[in-house]
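Take a look at the structure below.
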Amino acid sequence: MGRTLVTVSDLTVRFGESTVLHDVDLRLEAGEIVTLVGPNGSGKSTLLGALLGGVTPQRGRIERAPGLRIGYVPQRLVLDATLPMTVERFLRLPRRTSTRRIGEALERAGVPGIGGRQMAALSGGQFQRALLARAILEEPELLILDEATAGLDQPGAAAFYQRIEEVRAETGCGVLMVSHDLHVVMSASDRVICLNGHVCCEGTPEVVAAAPDYRRLFGEGTKGALALYRHHHDHTHTHDHPKDAAE
């Protein structure tokens, strides 16, 4: 078991008369990849906002490990396409960072050598990896990704998730991802939390894919996600589990 990074107890969030989240309990450990799934309007972004400190709950507690460093990759970031800005300059904002550290972060994010390119000229996948490099520069103990593969095709999303697995293995950080890519995400997660205003079910991908609440929310077709999860683990996970290496 890794170090506990975040513990959420009995969390309730309301906006006006509307209760978006109620009675949410969850725990995030170092070295663990946790994926948050749920239909639109289920409170996923609100929960991330609470974890990041931007949303104030009406009830409950969020306990973070002392001095916890969080890296955040947003769903999208809109930059003015007419603004000349290289990747390296983008990664130096808001504080100065050495060229060496920028190069290491880009390499870790899987896009070495793009530091001199214009942000506006990057493909969708390269842009998201530049955002990942920026999060890596925080040397995070917890990496939070909000729909970071939105707009990528399935091979692009799969490659991005594989890179996240590698970052976790290299650094031992915990990872919390929000995703709609059910088929891909099942292969990249140690634990899945299914949210619909509250935690409907959670556990290993195999347990969650078989849970009635999950099937009710996402349909019987989600059995395919489990088949892909099994295939991925049978054929590609021959190395030691990264969690073991991180402990």
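Below, all heavy atoms of this structure are taken into account, side chains as well, without hydrogens, waters or symmetry copies.
- The closest side-chain heavy-atom distance from Leu68 to Ile70 is below 4.5 Å.
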* **Ile144/Leu52 under side chain to side chain contact (heavy atoms under 4.5 Å, CB included): CA gap, chis, key distance, verdict** => CA-CA 9 Å; Ile144 294 181; Leu52 292 166; 3.9 Å; yes
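- The shortest distance between side-chain heavy atoms of Leu176 and Leu48 falls below 4.5 Å.
- The shortest distance between side-chain heavy atoms of Leu132 and Leu143 falls below 4.5 Å.
- No donor-acceptor pair under 3.5 Å is formed between the side chain of Arg108 and the backbone N or O of Val167.
- When the salt bridge (Lys or Arg N to Asp or Glu O under 4.0 Å) test is applied to Glu107, no partner is found at least two apart in sequence or on another chain.
- The closest donor-acceptor contact from the side chain of Glu141 to the backbone of Cys173 lies at 3.5 Å or more, if one exists at all.
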* Asked: Hey, mind stepping through Glu170 and Arg168 against salt bridge (Lys or Arg N to Asp or Glu O under 4.0 Å) and telling me if it holds?
  -> CA-CA 5 Å; Glu170 291 163 6; Arg168 182 269 303 265; over 6 Å; no
* Check against side chain to side chain contact (heavy atoms under 4.5 Å, CB included), Leu145 and Val175 -> CA-CA 8 Å; Leu145 305 103; Val175 179; 3.5 Å; yes
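- With sequence neighbours excluded, the residues satisfying salt bridge (Lys or Arg N to Asp or Glu O under 4.0 Å) with Arg163 are Glu166.
- How far OG of Ser9 is from CZ of Arg59: 11.5 Å, rounded to the nearest 0.5 Å.
- Atom CD1 in Ile33 sits 7.5 Å away from atom CD1 in Ile164 (nearest 0.5 Å).
- Using a 4.5 Å heavy-atom cutoff, the side chains of Leu47 and Leu11 are in contact.
- Counting heavy atoms from C-beta outward, Pro155 and Asp153 have side chains that approach closer than 4.5 Å.
- Looking only at side-chain heavy atoms (C-beta outward), Tyr72 and Leu131 stay at 4.5 Å or farther from each other.
- Residues Thr12 and Pro57 fail the side-chain proximity criterion, which asks for heavy atoms closer than 4.5 Å.
- A donor-acceptor pair is defined here as one N or O able to donate and one able to accept, closer than 3.5 Å; no such pair exists between the side chain of Arg64 and the backbone of Val6.
- Under a hydrophobic clustering in which Ile, Leu, Val, Met, Phe, Trp and Tyr are joined whenever their side-chain heavy atoms come within less than 4.5 Å, directly or via other members, Ile193 and Val207 fall into different clusters.
- The side-chain heavy atoms of Val199 and Leu195, taken from C-beta on, include a pair separated by under 4.5 Å.
- Side-chain N or O atoms of Asp10 include none that pairs as donor or acceptor with a backbone N or O of Asp23 at under 3.5 Å.
- Not a single donor-acceptor pair under 3.5 Å links the side chain of Ser189 to the backbone N or O of Val192.
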* Asked: Can Glu138 and Arg95 be said to form a salt bridge (Lys or Arg N to Asp or Glu O under 4.0 Å), step by step?
  -> CA-CA 11 Å; Glu138 300 294 327; Arg95 56 180 166 273; 2.8 Å; yes
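- Contact detail for Ala109 and Ile136: the closest heavy-atom pair is N-CD1, 4.1 Å.
- Transitive grouping of hydrophobic side chains (ILVMFWY, heavy atoms separated by less than 4.5 Å) brings Val178 and Val8 into a common cluster.
- Contact detail for Val208 and Cys201: the closest heavy-atom pair is CG1-SG, 4.1 Å.
- Ser42 places a side-chain N or O within donor-acceptor distance of the main-chain N or O of Pro39, the cut-off being under 3.5 Å.
- Expressed to the nearest 0.5 Å, how far CE of Met119 lies from CZ of Phe127 amounts to 4.0 Å.
- With Gln58 contributing its side chain and Arg14 its backbone, the two residues share a donor-acceptor pair below 3.5 Å.
- Considering only residues two or more places apart in sequence or on other chains, Glu202 meets the salt bridge (Lys or Arg N to Asp or Glu O under 4.0 Å) condition with Arg191.
- Gln126 places a side-chain N or O within 3.5 Å of a backbone atom of Ser123 that can act as its donor or acceptor partner.
- Here CG of Leu106 is found 11.5 Å from CZ of Arg117. Values are rounded to the nearest 0.5 Å.
- Annotation: salt bridge (Lys or Arg N to Asp or Glu O under 4.0 Å) contacts of Asp213 (sequence neighbours excluded): Arg216.
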* Worked check of side chain to side chain contact (heavy atoms under 4.5 Å, CB included) between Thr4 and Leu28 -> CA-CA 6 Å; Thr4 298; Leu28 303 172; over 6 Å; no
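- For the pair Ala135 and Val73, the tightest heavy-atom approach, listed with the atom from each and the gap, is CB-CG2, 3.8 Å.
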Donor-acceptor pairs under 3.5 angstrom involving side-chain atoms of residues 83-94: please list them, not counting sequence neighbours.
from	atom 1	to	atom 2	distance (Å)
Thr86	OG1	Arg89	N	3.1
Glu88	OE2	Arg92	NH2	2.5
Glu88	OE2	Thr99	OG1	3.2
Arg89	NH1	Pro84	O	3.1
Arg92	NH1	Thr97	O	2.2
Arg92	NH2	Thr99	OG1	2.9

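- Between Leu217 and Cys200 the shortest heavy-atom distance is CD1-SG, 4.1 Å.
- Put simply, Leu26 and Val37 are part of two different groups of oily side chains (I, L, V, M, F, W, Y) that touch within less than 4.5 Å, one to the next.
- For the pair Lys44 and Asp146, the salt-bridge criterion is not met [side-chain N within less than 4.0 Å of a carboxylate O].
- Nearest approach of Ala210 to Arg215, heavy atoms of both residues: CA-NH2, 4.0 Å.
- Between Ala50 and Ile62 the shortest heavy-atom distance is O-CD1, 3.5 Å.
- The line from OG1 of Thr7 to CG of Asp25 is 10.0 Å long, rounded to the nearest 0.5 Å.
- Taken together through direct or relayed side-chain contacts under 4.5 Å among Ile, Leu, Val, Met, Phe, Trp and Tyr, Val24 and Leu5 form part of one hydrophobic cluster.
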* To do: Would you please test Glu139 and Arg101 for side chain to side chain contact (heavy atoms under 4.5 Å, CB included) and show each step?
  => CA-CA 11 Å; Glu139 299 181 359; Arg101 285 196 66 224; 3.5 Å; yes
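- Hydrophobic clustering, with ILVMFWY side chains joined whenever heavy atoms are under 4.5 angstrom apart, keeps Phe218 apart from Val34.
- Between the side chains of Tyr161 and Ser179, at least one donor N or O sits under 3.5 Å from an acceptor N or O.
- Among residues two or more places apart in sequence or in another chain, the side chain to side chain donor-acceptor pair (under 3.5 Å) test is passed with Glu63 by Arg61.
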